[in-house]
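Okay, so here's the structure we're looking at.
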Amino acid sequence: MKYTTRQKAILLLSDGTIFHGKSIGISGTTFGEVCFNTGMTGYQEIFTDPSYFGQLMVATNAHIGNYGVNDSEVESKSIKIAGLVCKNFSFNYSREGASGSLEDYFIKQNLICISDVDTRALVSYIRDNGAMNAVICTDETPIEELKIALAKVPDMKGLELASKVSTTEPYFFGDENATYKISALDLGIKTNILRNLAKRDCYIKVFPFNSSYQDLAAFNPDGYFLSNGPGDPEPLSGAIQVAKEILENDKPLFGICLGHQVIGLANGISTYKMFNGHRGINHPVKNIITGKGEITSQNHGFAVNKEELDNHPDLEITHLHLNDGTVAGMRMKNKNCFSVQYHPEASPGPHDSSYLFDQFIENIKG
């Protein structure tokens, strides 16, 4: 497709700011919260991460699509982002292991994308003004109509989205003859989390987001896992209750990202929406227990309250984000429970934090 034949497209922010670009080819409009990811690789894993449901993803890497797609490099069964904003979109790709082009992948899954945007200016604007709702339009809908429709899009604060991405029926992952059994509550679980648990001799039963503690306990697991996922954690009253009951029964518990926030809420620690959030694969974290630094993959727009956590008698901070001092990990002093705000299962990387899965297994053994 020649550049000159491509349809004009716009990105309209909720404050009225407009960025211009070109459509990748799918006509229409799509709404969501605009945010940016600083990763230089792994775009397919980002697009299929359930934690990004309801968000318009701005890619800070200048080139998207240059290595195509691979059917095995997905974190869920479908694309989860609401739309993509990028600078240069590669219609041609070169990688021996690719199973197709990113363009065909988008067309197959009906994802709307705008390219040729000044993404450096856009990211700078979001950094200064915060994450906000926006709309990508590639069909020349009048601006005033878009503004009216955009005003009706709910804010991410208070929005429950786990129900949109969770499994509707329980399913199993791994070898049924594995040494350890894990009950996982699916709030938007990434496939690579399951791969990491299975690799450590675990057989996992994955439960829908609205399952009860009794449902999870009926599997007679050796440990419990609360997954990542999209949206605000506060509306997840069911998941919070599950976490409380796991802790009341003193069972091994591990939480990642949204699961980390749910564990905080189960202990009376409040959460808040961040100005921009953390999204990328180069975030520095310090392990307070060991004193070591980690480069981590992160994807979250909410965080637990550090001051409340500092003053909680049964909780302690284990990891801190070195860019802004936010809580990146915590553990309970009186229970077999720990959690992190980032992603130790990161694919394609970094892998600095994969030891946390080993720590979970050691906690189960103990």
Side-chain angles (χ1 to χ4, degrees), residues 9 11 21 23-26 28-91 93 95 97-115 117 119 122-123 126 131 134-136 138 156 161-162 164-166 188-195 227-231 257-258 277-282 297-301 343 345-349:
L11 172 72
S23 170
I24 293 304
I26 298 174
T29 59
T30 184
F31 299 83
E33 182 186 65
V34 65
C35 61
F36 58 89
N37 186 294
T38 56
M40 299 298 288
T41 187
Y43 55 72
Q44 189 178 0
E45 291 88 342
I46 292 169
F47 301 158
T48 56
D49 181 350
S51 293
Y52 281 123
F53 184 86
Q55 292 181 314
L56 304 178
M57 176 54 55
V58 181
T60 61
N61 188 8
H63 299 278
I64 291 295
N66 49 303
Y67 58 81
V69 296
N70 186 301
D71 294 337
S72 66
E73 295 173 355
V74 294
E75 294 292 354
S76 65
K77 294 180 180 179
S78 62
I79 290 177
K80 292 298 188 293
I81 60 172
L84 175 67
V85 183
C86 63
K87 175 60 178 173
N88 300 316
F89 188 91
S90 298
F91 294 94
Y93 63 95
R95 182 171 59 145
S99 54
S101 71
L102 187 59
E103 179 190 14
D104 289 341
Y105 190 60
F106 282 177
I107 292 173
K108 181 180 178 180
Q109 302 206 29
N110 201 35
L111 185 87
I112 293 174
C113 174
I114 177 175
S115 71
V117 173
T119 49
L122 174 57
V123 168
I126 297 171
V135 54
I136 298 173
T138 66
M156 191 64 73
L161 294 177
K164 307 293 185 182
V165 295
S166 178
I189 198 165
K190 292 172 65 177
T191 302
N192 210 43
I193 290 175
L194 299 175
R195 294 190 193 107
S227 85
N228 63 290
C257 205
L258 185 59
H278 298 148
R279 298 176 180 90
I281 57 175
N282 56 353
S297 174
Q298 304 209 5
N299 169 21
H300 62 103
H343 287 273
E345 82 293 341
S347 176

>> Test of understanding: with ring-ring contact (aromatic ring centres under 6.0 Å, His included), list the residues that count as partners of His278, not counting sequence neighbours.
In response: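 His278: ring-ring contact (aromatic ring centres under 6.0 Å, His included) contacts with His283, His300, His321.
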>> My understanding is that only residues two or more places apart in sequence, or in another chain, count here; which of them pass ring-ring contact (aromatic ring centres under 6.0 Å, His included) with Tyr67?
In response: Tyr43
Close side-chain approach of [X] and [Y], heavy atoms under 4.5 Å:
X	Y	result
Lys190	Ser76	no
Phe106	Ile79	yes
Thr138	Ile26	no
Thr191	Glu75	yes
Met40	Asn61	yes
Val69	Phe47	no
Asn299	Asn37	no
Val123	Val58	yes

Over all heavy atoms of both residues, which pair between [X] and [Y] is shortest? Give the atoms and the distance, please.
X	Y	answer
Lys80	Lys77	NZ-N, 4.3 Å
Met156	Gly231	SD-CA, 4.0 Å
Ala134	Leu11	CB-CD1, 3.9 Å

>> My understanding is that only residues two or more places apart in sequence, or in another chain, count here; which of them pass salt bridge (Lys or Arg N to Asp or Glu O under 4.0 Å) with Glu33?
In response: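 So Glu33 forms a salt bridge (Lys or Arg N to Asp or Glu O under 4.0 Å) with Lys273.
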> How would you list, by chain and number, every residue that makes a salt bridge (Lys or Arg N to Asp or Glu O under 4.0 Å) with Glu73, sequence neighbours excluded?
Replying inline: Arg95
>> side chain to side chain contact (heavy atoms under 4.5 Å, CB included), that's the test. Do Arg279 and Ile46 meet it? Break it down for me.
In response: CA-CA 10 Å; Arg279 298 176 180 90; Ile46 292 169; over 6 Å; no
Test item: [X] side-chain N/O and [Y] main-chain N/O as donor-acceptor pair under 3.5 Å:
X	Y	result
Ser347	Gly349	no
Asn228	Gly188	yes
Gln44	Asn70	yes

> Please walk me through it: do Glu103 and Tyr93 pass side chain to side chain contact (heavy atoms under 4.5 Å, CB included)?
Replying inline: CA-CA 10 Å; Glu103 179 190 14; Tyr93 63 95; over 6 Å; no
Kindly compute the distance separating [atom1] ([X]) from [atom2] ([Y]), expressed to the nearest 0.5 Å.
X	Y	atom1	atom2	result
Asn282	Thr38	CG	OG1	4.0 Å
Leu84	Leu102	CG	CG	7.5 Å
Leu111	Ser78	CG	OG	10.5 Å
His63	Cys86	NE2	SG	11.0 Å
Asp49	Ile189	CG	CD1	11.5 Å

> Going through the checks in order, is the side chain to side chain contact (heavy atoms under 4.5 Å, CB included) test met by Ile24 and Phe91?
Replying inline: CA-CA 9 Å; Ile24 293 304; Phe91 294 94; 4.2 Å; yes
> Taking only residues two or more places apart in sequence, or in another chain, which ones meet Asn88 in a side chain to side chain donor-acceptor pair (under 3.5 Å)?
Replying inline: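 None.
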> side-chain contact (heavy atoms from CB on, under 4.5 Å) with Thr30: which residues, sequence neighbours excluded?
Replying inline: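 Partners of Thr30 under the side-chain contact (heavy atoms from CB on, under 4.5 Å) test: Leu56, Ala82, Ile112, Ile136.
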>> With side chain to side chain contact (heavy atoms under 4.5 Å, CB included) as the criterion, how do Phe36 and Thr119 come out once you've worked through the C-alpha distance, each side chain's angles and the decisive distance to 0.1 Å?
In response: CA-CA 9 Å; Phe36 58 89; Thr119 49; over 6 Å; no
